[in-house]
Participant: 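Before anything else, here's the structure in question.
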There are 2 protein chains.
Amino acid sequence: MDTKTKLISAAEHLFDRHGFTATGMDKLTQAAGMSSRTLYKHAGSKMALITYVLAERHRRFQQRTEVDSVEALFGALEEWVRVEGCRGCLFLRAHGETGGDIPKIADAVLAHKASLYEKIQEIVSLETGGKHNPELAEQILILFEGATAAAVYRGAESITSARIAASVLIQQARA
Amino acid sequence: MDTKTKLISAAEHLFDRHGFTATGMDKLTQAAGMSSRTLYKHAGSKMALITYVLAERHRRFQQRTEVDSVEALFGALEEWVRVEGCRGCLFLRAHGETGGDIPKIADAVLAHKASLYEKIQEIVSLETGGKHNPELAEQILILFEGATAAAVYRGAESITSARIAASVLIQQARA
DNA sequence: TACAGTGTAAAACGATCATTTTACATCGTC
DNA sequence: GACGATGTAAAATGATCGTTTTACACTGTA
């Protein structure tokens, strides 16, 4: 694995488990198995490293949510949690830690969430026979967001609950 | 207002707007209008101050959610966001910043969420004619959690969406 | 009037932080 | 075989962190 990839991967892991600010550069260099000089050559700064991590996270998230049904969307979330654990949305956590005060991070969060909402609108449209239904899409988005948050303290079963609720709402909209 | 109350109130405001770690003791003393010596006499430490803030937050949250219908529950959330803004659940944010590594904080989060879930179970039971329905309660919890999270980037309207979705689920369960 | 309680202002503490620097090793390539 | 790129190890930098300390002022009460 190439150096920068290894760095971003180690950083994502530590940021996710212990938080962004709580993770110092010494922990990062140690986990990535490289000197701080190499780390700074590749990342530039801690803030830049955070944005790299978020970009990588977004890429992987989009890849995993290439689905065309609400069932599959929540299935993808279940799979995500099974593989990566449930510590809440890393984008919202980054936003929360910085109070939305760092533009680079705030932008990354908004872009990620906008793309999620668009994806859900796409799926909802497919499910309801091509109809444009932004309100229903927002409800599914809220279930997705809520399942991610609730899974932190209630475990992966909350995703099943959300999936069932989403199915009911879709069914209701078809009638 | 007494000194400790003023301190906790100022601390809650700063923690909520800028995050826990990002808020230094100098900002806290300045905002609370007191010397660091007085702050430490009343709070003991920053970590203790955080738990005081969470306790006060929990008290106010419970007071505001003394309701007996799902409609009123989401109405209370709308009111909360209107008055206090929408920067996400402060408990989950505290949990996220510390990675769940600090027991005092992790416990406060779990207790707060457990009490929220119990409250929702109560309301759901009232709404469905005394029936015990933990699955439905979890779905409402997820909508509540999701609305709180989504409001960070989509504004207060997401709470309306969640309220409507919750009504549909309740209606469905009554049939 | 003496005193305990509660406060301020500001310096000092040691630790930790992100970042930079110095000095040196390895390796593929022209 | 010189060289530029890429790496390590480790010390130094200056800032900032949470916390403690020193020295002093005000206030109500016995």
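The analysis underlying the following values was restricted to heavy atoms, covering all of them including side chains, and did not include hydrogens, waters or symmetry mates. Residue numbers start from 1 in every chain, and the chains themselves are labelled A, B, ... in the order their sequence lines are given, proteins ahead of strands.
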Participant: Over how many whole Å does the gap from B:Leu7 atom CG to D:dG18 atom P extend?
Facilitator: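 Taking atom P of D:dG18 as the reference, CG of B:Leu7 is at 14 Å.
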Participant: So if I apply the side chain to side chain donor-acceptor pair (under 3.5 Å) rule between B:Arg60 and each of B:Glu56, B:His58, B:Gln63, which one comes out positive?
Facilitator: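 When B:Glu56, B:His58, B:Gln63 are each tested with B:Arg60, the side chain to side chain donor-acceptor pair (under 3.5 Å) holds only for B:Glu56.
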Participant: Could you write nucleotides 5-20 of chain C as a row of B, S and -, 5' to 3', where a protein heavy atom under 4.0 Å of any base atom gives B, of only sugar-phosphate atoms gives S, and otherwise -?
Facilitator: --BBBB-------SBB
Participant: Is it true that a side-chain atom of A:Lys46 and a backbone atom of A:Phe20 form a donor plus acceptor pair closer than 3.5 Å?
Facilitator: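 Side chain of A:Lys46 to backbone of A:Phe20, a donor-acceptor pair under 3.5 Å: yes, one is there.
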Participant: Is it possible for you to check whether A:Arg154 lies under 6.0 Å from the centre of the six-membered ring of B:Tyr117, through NZ or CZ, and within 45° of that ring's axis?
Facilitator: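 Yes - A:Arg154 lies over the ring of B:Tyr117, closer than 6.0 Å to its centre and within 45° of its axis.
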Participant: Applying side chain to side chain contact (heavy atoms under 4.5 Å, CB included) to B:Phe15 and B:Glu97, what does each step give before you reach the verdict?
Facilitator: CA-CA 11 Å; B:Phe15 287 154; B:Glu97 277 205 39; over 6 Å; no
Participant: Using a strict 4.0 Å threshold on nitrogen-to-oxygen distance, state whether A:Arg17 and A:Glu12 make a salt bridge.
Facilitator: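 Not counted as a salt bridge, because no side-chain N and carboxylate O are separated by less than 4.0 Å.
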